[in-house]
Amino acid sequence: MLKIIANPKSIDAIVKKTVRLQLTEEPISAHRFVESADGNTTYKMGIGKWSEITARSFRTIVRTIVQTAKAHEIESLAIEMNLAQFPKLGEQSEIWFYQTITENLLLADYEYNTFKTTKKKRLTLKEVLVCNLTKVEVIKAIEKGIIVGTYTNHGRDIANTPANKLSPADFGKAAKKLMSGTKVIVKILGEKELKKLKMGALLAVGQGAESETKFIIAEYWGAKDKKEQPIVLVGKGITYDTGGLNVKPSGFMHDMHLDMSGGSAVLSAIACAGKLGLKKNIIALVPTAENAISDRAMRAGDIVTAMNGKTIEVLHTDAEGRMVLADALTYSERYKPKAILDVATLTGAALVALGQHASAIMTKDTTLSNKLVELGETSGDLVWPLPLWDEYKQYLKSNRADISNIATNFSRYGGSIEGGTFLSAFAPKNVPWCHIDIAPRMDSIASDKLAKGSTGEPIRLLVKFLEQA
Ligand code: BES
Ligand code: ZN
Ligand code: ZN
């Protein structure tokens with residue numbers, strides 16, 4: 001794994017084996033190696049006008065540095081950057097600056113090579129020396145960036161695992177492994193216990209699969225007062241989404257091993273909080289099942305009873321995420337949470353609404369909404385609100401049960417809001433709650449400058465939220 005090293009010396013004192021990176025104001029396409037008389041190599045990289053660089057473009061620059069270093073097989077790289085050089089980053093602190101550099105170096109370095117049998121012969125980037133750092137708080141910011149970046153990459157590793165290698169039971173095992181070295185406790189409930197709890201919606205989604213449905217519970221009691229109300233994170237953990245009997249068309253199914261990205265994100269966030277030793281009480285709940293096709297599978301037209309006693313008319317078997325989350329939201333009540341965030345690759349409609357640049361957030365709590373938008377901007381996990389108005393409830397009024405899992409007229413209009421509206425019927429009352437539909441950020445896009453596959457969003461945002469909550 002890439003080592004990020006805080007180096008007290010100036011970049012000018014860097015020795016030969018390490019390439020010095022020098023950012024210039026030249027256009028982005030202008031980059032070249034320059035050899036100096038003393039035998040040192042400098043890589044000059046144009047990043048455009050520094051006065052125009054924002055927090056968003058700054059993160060991309062950091063990622064591009066790693067991609068460039070990899071392309072040129074640089075093994076050791078030295079960088080020296082200074083917040084004062086970027087006037088548009090004026091609102092950010094030095095801590096933010098160095099933590100952001102570190103996180104994005106690690107995120108850009110990540111590759112998912114687990115199943116490549118022929119390892120690349122190319123040289124890889126082994127270390128980045130961040131130069132001219134002496135302040136204690138800045139060195140701490142680098143250490144924190146390493147933790148956040150590493151746990152985000154752990155989350156991507158779990159999310160990227162194909163479904164034939166990650167069943168709900170394997171997901172539970174991966175959760176336990178993820179928490180090692182932290183004070184997070186993991187409990188895993190199986191189908192027998194879920195039946196006792198009357199989690200009929202979660203069980204229905206998993207009933208067609210060979211693999212057993214599970215419910216992963218991670219608890220971190222980090223606050224001084226163990227009775228302090230916890231923050232509850234809920235993550236969708238569908239290890240594979242075929243769509244069920246309403247099967248997905250080809251071209252829309254192959255990446256559905258990533259349908260547990262919400263689950264891996266909340267588990268990585270609580271693990272990271274544990275590693276950082278946050279003085280907070282935090283719970284992560286992950287209902288996990290495979291939405292498979294078989295003669296035992298849930299049918300369109302079935303009516304199931306959720307844990308809170310409400311009956312659900314299943315009009316579409318591909319709207320399974322909201323069903324597993326419904327029971328997890330009911331379960332969250334027992335913790336008397338201070339706030340609840342649920343994270344889910346819930347709807348393709350979120351991509352229609354926002355493209356692939358931001359996750360959709362839905363909440364009636366405007367303070368919470370504004371907070372998440374702001375934290376998304378500082379962490380890099382952009383989120384944008386959609387309304388969660390009562391007007392949308394009418395479409396889910398079932399003829400045969402208490403609620404239907406999609407609009408009874410089969411309309412696809414406002415599909416993401418429909419998902420959020422369904423969840424609102426199960427979220428504990430009078431608790432600040434926000435639904436985060438991360439379907440738009442499930443897979444990376446070229447402009448992210450990240451490896452293909454999981455983006456690891458919104459782990460950084462969740463960690464920031466937990467810190468300030
Ligand atoms: N997991 C999908 C949503 C999804 C789609 C995530 C594309 C990422 C990329 C979800 O379970 C689903 O299939 N939702 C349906 C809902 C519909 C049946 C109301 C959808 O989006 O089509
Ligand atoms: Zn689905
Ligand atoms: Zn799904």
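Just so you know, ligand 1 is whichever comes first in the structure, and atom 1 is the first atom listed for that ligand. Bear in mind that the values here come from a model prediction, so they are computed numbers and not experimental data.
For the Zn ion (ligand 2), the count of nearby protein N, O or S atoms, meaning those under 2.8 Å away, is 4.
Looking only at side-chain heavy atoms (C-beta outward), I312 and S404 stay at 4.5 Å or farther from each other. You'll find the side chain of T378 reaches within 4.5 Å of the side chain of Q92, heavy atoms only. Here the side chains of T242 and K248 are not in contact, with every heavy-atom distance at 4.5 Å or above.
A donor-acceptor contact shorter than 3.5 Å links the side chain of N405 to the backbone of H316.
With respect to E111 and K70, a salt bridge is recorded, a charged nitrogen being found less than 4.0 Å from a carboxylate O. Salt-bridge annotation for R322 and E320: absent, with no side-chain N of the basic residue lying under 4.0 Å from a carboxylate O of the acidic one.
Under the rule for a ring pair (Phe, Tyr, Trp, His ring centres under 6.0 Å), the partners of F97 that lie at least two apart in sequence or sit in another chain are F58. Under the ring pair (Phe, Tyr, Trp, His ring centres under 6.0 Å) criterion, Y110 pairs with no residue, sequence neighbours left out.
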Would you mind writing out a table of all protein N or O atoms found under 3.5 Å from any N or O atom of ligand 1, naming both atoms and giving the distance to 0.1 Å?
{"from": "ligand 1", "atom 1": "1 (N)", "to": "K236", "atom 2": "NZ", "distance (Å)": "3.3"}
{"from": "ligand 1", "atom 1": "1 (N)", "to": "D241", "atom 2": "OD2", "distance (Å)": "3.2"}
{"from": "ligand 1", "atom 1": "1 (N)", "to": "D259", "atom 2": "OD1", "distance (Å)": "2.9"}
{"from": "ligand 1", "atom 1": "1 (N)", "to": "D259", "atom 2": "OD2", "distance (Å)": "3.0"}
{"from": "ligand 1", "atom 1": "1 (N)", "to": "T345", "atom 2": "O", "distance (Å)": "3.3"}
{"from": "ligand 1", "atom 1": "11 (O)", "to": "K236", "atom 2": "NZ", "distance (Å)": "3.2"}
{"from": "ligand 1", "atom 1": "11 (O)", "to": "D241", "atom 2": "OD2", "distance (Å)": "2.9"}
{"from": "ligand 1", "atom 1": "11 (O)", "to": "D318", "atom 2": "O", "distance (Å)": "3.0"}
{"from": "ligand 1", "atom 1": "11 (O)", "to": "E320", "atom 2": "OE1", "distance (Å)": "2.9"}
{"from": "ligand 1", "atom 1": "11 (O)", "to": "E320", "atom 2": "OE2", "distance (Å)": "3.0"}
{"from": "ligand 1", "atom 1": "13 (O)", "to": "K248", "atom 2": "NZ", "distance (Å)": "2.8"}
{"from": "ligand 1", "atom 1": "13 (O)", "to": "D318", "atom 2": "O", "distance (Å)": "3.1"}
{"from": "ligand 1", "atom 1": "13 (O)", "to": "D318", "atom 2": "OD1", "distance (Å)": "2.7"}
{"from": "ligand 1", "atom 1": "13 (O)", "to": "D318", "atom 2": "OD2", "distance (Å)": "3.0"}
{"from": "ligand 1", "atom 1": "14 (N)", "to": "L346", "atom 2": "O", "distance (Å)": "3.3"}
{"from": "ligand 1", "atom 1": "21 (O)", "to": "G348", "atom 2": "N", "distance (Å)": "2.7"}
{"from": "ligand 1", "atom 1": "22 (O)", "to": "R412", "atom 2": "NH1", "distance (Å)": "3.1"}

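The side-chain tip of K310 points at the ring of F426 from less than 6.0 angstrom away and within 45° of straight on.
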